[in-house]
Amino acid sequence: MNVIALRSPESLIAGRSREIAAAVTLPVAAAALVSPDTSPLDRRGSAAVSTACVALATRMALIRHIAAPADRAPTVVRPFDPFHDPTPLALQGTGPVPDRVRLRTAGDRCVGLWQDWRRRGCPDDERLGVAGALALGAWCSWALGSPERARTRARHALDAVPDDALAGLVLRSVRARTGPAWWG
C-alpha cells in the first residue's frame, strides 16, 4: 500500500518561507563562503550561510559557485532551478577543475559555523541550516579528495538532521570509494 504523508497548511507555509529566505540570502552566503580574506564568518555571513543552506536547491547553487575554476570565478551566483537546470557537474566530481582554495575556504567556514552552533548549545531553530552547511562542508572535503574528513562531516550533519540529502549523498560516495574525477 502506498502512503502519502499529508502536511498541514502551517508546515507547508513554514517550508516555503524557509526556501524563500534561503533564496534571498544566497548571494550574501556565496560571497561569505568564498571571500578571499582569511577570517572566519562574521555574524552576518554566518546567518546568511545557515539560512541559505536550509534548502537543497540553494546548496546546489552554492556548490556550482564554490566549485568554480580559479580563472572563471563567478561574480554573481545564480539560483538553481531543479526543474530546469541540470545537476551541477561539480556535485558528481566532474567538469572543470575547481579552485582548491575556494573549496577549502568554503568547507572550513561551513565547519566553523557548525562548531559555533555546538558551542552555543545547538539551538533547535538553527538545526536545518547548520546541518545543511555542514553537509556542504562535507561535500567540499569530498571534492578536495579527503574522504575521511568528508565522512566525519557528513556523519555529524546526519546526526543533526538524519534525512539531509546532501550529507547522505556524500556519505554514500565515500562508502562506495568514489571520488572526484578532477584529482584522479
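For the single chain, residues carry numbers from 1 onward in sequence order.
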(message) So, taking the atom named CZ in Arg151 and the one named CZ in Arg175, what distance separates them when rounded to the nearest 0.5 Å?
(response) 7.0 Å
(request) May I ask you to test the Leu41-Asp116 pair for a side-chain heavy-atom distance under 4.5 Å? (result) no
(message) Nearest 0.5 Å, please: how far is CZ in Arg104 from CG in Asp99?
(response) 10.0 Å
(request) Could you tell me the separation between the CH2 atom of Trp139 and the CD1 atom of Ile66, rounded to the nearest 0.5 Å? (result) 6.5 Å
(message) I'd like to know if Leu158 and Val174 are part of one continuous hydrophobic network [Ile/Leu/Val/Met/Phe/Trp/Tyr, side-chain heavy atoms within less than 4.5 Å].
(response) no
(message) Has Ser141 got a side-chain atom pairing as donor or acceptor with Ser146's backbone, closer than 3.5 angstrom?
(response) no
(message) Determine whether a donor-acceptor pair (N or O, by modelled atom type, separation under 3.5 Å) exists between the side chain of Trp182 and the backbone of Ala143.
(response) yes
(request) Looking only at non-hydrogen atoms, find the nearest pair between Ala157 and Leu134 and report the distance. (result) N-CD2, 3.5 Å
(request) Could you tell me whether the side chain of Trp117 and the main chain of Pro123 form a donor-acceptor pair under 3.5 Å? (result) yes
(message) Check this for me: Arg120, atom CZ, are more than 12 non-hydrogen atoms of other residues, nucleotides or ligands nearer than 6.0 Å?
(response) yes
(request) Output the distance between atom CG (Leu144) and atom CZ (Arg102), rounded to the nearest 0.5 Å. (result) 12.5 Å
(message) Donor-acceptor check, side chain of Thr152 to backbone of Glu148, threshold 3.5 angstrom: yes or no?
(response) yes
(request) Might you point out which heavy atoms bring Pro79 and Leu26 nearest each other, and give the distance in Å? (result) CA-CD2, 3.8 Å
(message) So does Thr178 get a backbone contact from the side chain of Trp142, meaning a donor-acceptor N/O pair under 3.5 Å?
(response) yes
(message) Determine whether a donor-acceptor pair (N or O, by modelled atom type, separation under 3.5 Å) exists between the side chain of Arg109 and the backbone of Ala32.
(response) yes
(request) Search all heavy atoms of Ala47 against all heavy atoms of Ser50 and return the closest pair with its distance. (result) O-OG, 3.3 Å
(message) Are Cys110 and Leu33 packed together at the side-chain level, in the sense that at least one heavy-atom pair is separated by less than 4.5 angstrom?
(response) yes
Less than 3.5 Å apart, which donor and acceptor atoms pair up between the side chains of residues 52-62 and the rest of the protein, not counting sequence neighbours?
{"from": "Thr58", "atom 1": "OG1", "to": "Ala52", "atom 2": "O", "distance (Å)": "2.4"}
{"from": "Thr58", "atom 1": "OG1", "to": "Ala55", "atom 2": "O", "distance (Å)": "2.9"}
{"from": "Arg59", "atom 1": "NE", "to": "Cys53", "atom 2": "O", "distance (Å)": "3.1"}
{"from": "Arg59", "atom 1": "NH1", "to": "Asp164", "atom 2": "OD1", "distance (Å)": "3.1"}
{"from": "Arg59", "atom 1": "NH1", "to": "Asp164", "atom 2": "OD2", "distance (Å)": "3.0"}
{"from": "Arg59", "atom 1": "NH2", "to": "Asp164", "atom 2": "OD2", "distance (Å)": "3.1"}

(request) Could you check if a side-chain atom of Leu169 sits within less than 4.5 angstrom of a side-chain atom of Leu91, using non-hydrogen atoms only? (result) yes
(request) Specify the closest pair of heavy atoms between Ala131 and Val161, including all atoms of both residues, with the distance to one decimal. (result) CB-CG2, 3.4 Å
(message) Grouping I, L, V, M, F, W and Y whenever their side-chain heavy atoms are under 4.5 Å apart, do Val97 and Ile63 come out in a common cluster?
(response) yes
(message) For Arg127, I'd like to know if atom CZ has over 12 heavy atoms of other residues, nucleotides or ligands within 6.0 Å.
(response) yes
(message) Can you confirm whether Val77 sits close enough to Pro27 that some side-chain heavy atom of one is under 4.5 Å from a side-chain heavy atom of the other?
(response) yes
(request) Give the cluster check for Val111 versus Val170: same hydrophobic cluster or not, with ILVMFWY residues linked at side-chain heavy-atom distances below 4.5 Å. (result) yes
(message) Closer than 3.5 angstrom, by distance alone: can the side chain of Asp85 be matched with the main-chain N or O of Asp81 as a donor-acceptor pair?
(response) yes
(message) Quick one, Thr51 and Val28 - any side-chain contact, counting heavy atoms below 4.5 Å?
(response) no
(request) For the residue pair Thr105 and Val34, establish whether any side-chain heavy-atom pair is separated by less than 4.5 Å. (result) no
(message) Using only atom types and a distance under 3.5 Å, with no angle test, would you say the side chain of Arg149 pairs donor to acceptor with the backbone of Cys140?
(response) no
(request) Locate the shortest heavy-atom distance separating Pro180 from Gly145; write the atom from each residue and the value. (result) CG-N, 4.4 Å
(request) Could you pull out the closest heavy-atom pair between Ala138 and Ala154, with the gap in Å? (result) CB-N, 3.5 Å
(message) Around atom CZ of Arg100, are there more than 12 heavy atoms from other residues, nucleotides or ligands closer than 6.0 Å?
(response) yes
